[in-house]
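Structure record follows, encoded as structure tokens.
Each ligand, and each atom within it, is numbered from 1 in the order the structure gives. Positions are given from 1, in the same order as the sequence printed here.
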Amino acid sequence: MNFPLHEIARKFSFDGVAGDIAPVGDGLINDTFLVKTGEGTPYYILQRKNRHIFTNVPAMMENIHKVTTHLKKKIEEAGGDPAREALTLVPTREGRLFYRDDEGEFWTACLFVGETVSYDAARSPGLAFQGGRGIGRFQALLSDMPGSLAETLPGFHDMRFRFKQWDEAVAGDAAGRKAGVPTEIAWIEERREEMLAFREKVERGDIPTRVTHNDTKISNILFDRAGEALCVIDLDTVLSGSCLNDYGDAIRSYANTGLEDDEDPDRVSLDLCIFEAYTRGYLSEAAGFLTRAEREGLAFAARYITFEQVLRFLMDYLDGDTYYKVKYPAHNLTRARAQFRLLRCMEERYGEMQATVGRLLGDGETILNHHV
Ligand code: ATP
Ligand code: MG
């Protein structure tokens, strides 16, 4: 699509005059552009937000504003560089957090954080450590943010809500595919109780609700030239929730030896080395604020989030592929099977995962003996 990018850029209170504006990254959700300006003025990121996925962009931008304001305050107090270590939203000339064009599209802007490196996979333990550090620090800085965030993605990581959707999908059998997947449906049912029991801890408040990122893949962290995690980006999904979700989802994506939609499940397994490295990095920043219940829930959180993904892919398969984009008719089923293989690996190696977390926390006994 052709957008009048220079006209849109002029709506924002940028320093300098927008010169070259070109697409950047290969984001799946939004359209992202780099806006170059003249000598001595900063570069900017201009983004068209996906309003089909984010149905309340104004509330989403308020959430991001709250989070970045708090981050910057904490970074400044710690003697850091708030313009590089956190996203800086740039308002419109009218002082708003977004510009809505005549087509109803939402545009937002932030400072471009230059001289950084990014990765699309954590291939080494060193990188996984840094990724864990990045998210751990992000959460630690936000652990004393007052108030809560708007629920812009209702039911996110809420297993009770997921099972409600699941029951409807199974009963409805919209695509007539149910009869072909009895084994896969049993995978979900066999785990219903333990997953709801974990969710209940959050509902009861035993596991606290904090600020969470909800898209902790490695490409959402910018690294500095020395290879240190510098800035967590892509804050569209910040929500109030359990920080275990961020940790669990990171393990799901970092420590899988195969692809999320691997057609050969034998390529999928849990890389315990990457698991340990990520956990080590995460705890180096997060150990200070995590409660006992959270520490005890870390390893299980990886199972919880991976299970949720199996459920969601299978549910979408039953629904007739209405949520996830598919490249072939059974794509969602392939994804569900590949994620299930990862879940099985986590279940088999759960004792080792618990022991690793315990060892890294320095109180192995307690965690090792805890059964969820
Ligand atoms: P995805 O859903 O794939 O994560 P997205 O559509 O949500 O992507 P972003 O992750 O926000 O988009 O941004 C896309 C890419 O643009 C990033 O991976 C990064 O390379 C670049 N980028 C975004 N914001 C900044 C920034 N403030 N400074 C430097 N680069 C940025
Ligand atoms: Mg991203």
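- For T88, the heavy-atom gap to ligand 1 stays at 4.0 angstrom or more.
- Within the 4.0 Å heavy-atom criterion, neither part of L34 lies near ligand 1.
- Taking each of I53, L111, D31, L235 in turn, the one with a heavy atom nearest to atom 27 (N) of ligand 1 proves to be L111.
- Between the side chains of Y328 and T334, at least one donor N or O sits under 3.5 Å from an acceptor N or O.
- Ring pair F14/Y44 is parallel by interplanar angle, where below 30° counts as parallel and above 60° as perpendicular.
- Between F3 and W107, the ring-plane angle classifies as perpendicular under the 30° and 60° cut-offs.
- The one candidate from L342, D271, I251 that meets the side-chain contact (heavy atoms from CB on, under 4.5 Å) condition with N256 is L342.
- The closest side-chain donor-acceptor pair between D31 and Q47, if any, does not fall under 3.5 angstrom.
- Nearest protein heavy-atom contact of atom 24 (N) of ligand 1 is I45 CG1, 3.9 Å.
- Those atoms of ligand 1 that come under 4.0 Å of a heavy atom in L87, given as number and element, are 27 (N).
- Under the 4.0 Å criterion applied to side-chain N and carboxylate O atoms, K201 and D206 are not assigned as salt-bridge partners.
- Listed by number with element, the atoms of ligand 1 under 4.0 angstrom from any heavy atom of T32 are 12 (O), 13 (O), 14 (C), 16 (O).
- Shown are R335, Q339, R252; of these, the side chain to side chain donor-acceptor pair (under 3.5 Å) with E260 is made only by R252.
- We find that D234 and K217 are not joined by a salt bridge, their nearest charged nitrogen and carboxylate oxygen being 4.0 Å or further apart.
- Every atom of ligand 1 with a heavy atom of C110 under 4.0 Å away is listed here by number and element: 27 (N).
- Under the ring-ring contact (aromatic ring centres under 6.0 Å, His included) rule, W187 has a single partner from W166, F340, F307, which is F340.
- The single protein non-hydrogen atom nearest to atom 17 (C) of ligand 1 is I233 CD1, 3.6 Å, given as residue, atom name and distance.
- When the options L87, T88, D81 are evaluated for a side-chain contact (heavy atoms from CB on, under 4.5 Å) with K72, the one that passes is T88.
- At distances below 3.5 Å, at least one donor-acceptor pair connects side-chain atoms of T37 with backbone N or O atoms of P42.
- Contacts between N50 and ligand 1, counted as non-hydrogen atom pairs separated by less than 4.0 Å, are absent for every part of the residue.
- Under a 4.0 Å criterion applied to the non-hydrogen atoms of F112, ligand 1 contributes the atoms 28 (N), 29 (C), 30 (N).
- Protein heavy atom at the shortest distance from atom 15 (C) of ligand 1 is G25 CA, 4.2 Å.
- Heavy-atom contacts of Q47 reach the following atoms of ligand 1: 9 (P), 11 (O), 12 (O), 13 (O) (cutoff under 4.0 Å).
- Scanning all protein heavy atoms for the shortest distance to atom 3 (O) of ligand 1 gives L28 N, 3.1 Å.
- Protein N/O/S atoms nearer than 2.8 Å to the Mg ion (ligand 2) total 2.
- Ring orientation note: the planes of F138 and H213 are nearly perpendicular, at an angle over 60° on the 30°/60° scale.
- Looking at V113 against ligand 1, both its backbone and its side chain come within 4.0 Å, counting heavy atoms.
- Distance check on atom 20 (O) of ligand 1: every protein heavy atom falls at or beyond the 4.0 Å cut-off.
- Under the 4.0 Å criterion applied to side-chain N and carboxylate O atoms, D144 and K73 are not assigned as salt-bridge partners.
- Numbered from 1 in the order shown, with element, the atoms of ligand 1 that lie under 4.0 Å from a heavy atom of K217 read 1 (P), 2 (O), 3 (O), 4 (O).
- Heavy atoms from both the backbone and the side chain of N30 come within less than 4.0 Å of ligand 1.
- Both cation-pi conditions hold for R303 and Y350: the charged atom is under 6.0 angstrom from the six-membered ring centre and inside a 45 degree cone around its axis.
- Taking each of I29, D234, L46, T108 in turn, the one with a heavy atom nearest to atom 4 (O) of ligand 1 proves to be D234.
- At least one test fails for R93 against the ring of F12: distance under 6.0 Å to the centre or angle within 45° of the axis.
- Heavy atoms of L222 found under 4.0 angstrom from ligand 1 belong exclusively to the side chain.
- In this structure, R133 fails the cation-pi test against Y282, since its NZ or CZ atom is not both closer than 6.0 Å to the six-membered ring centre and inside 45 degrees of the ring normal.
- Within the 4.0 Å heavy-atom criterion, the part of S219 lying near ligand 1 is the backbone and not the side chain.
- In terms of protein heavy-atom proximity, atom 8 (O) of ligand 1 is closest to G27 CA, 3.3 Å.
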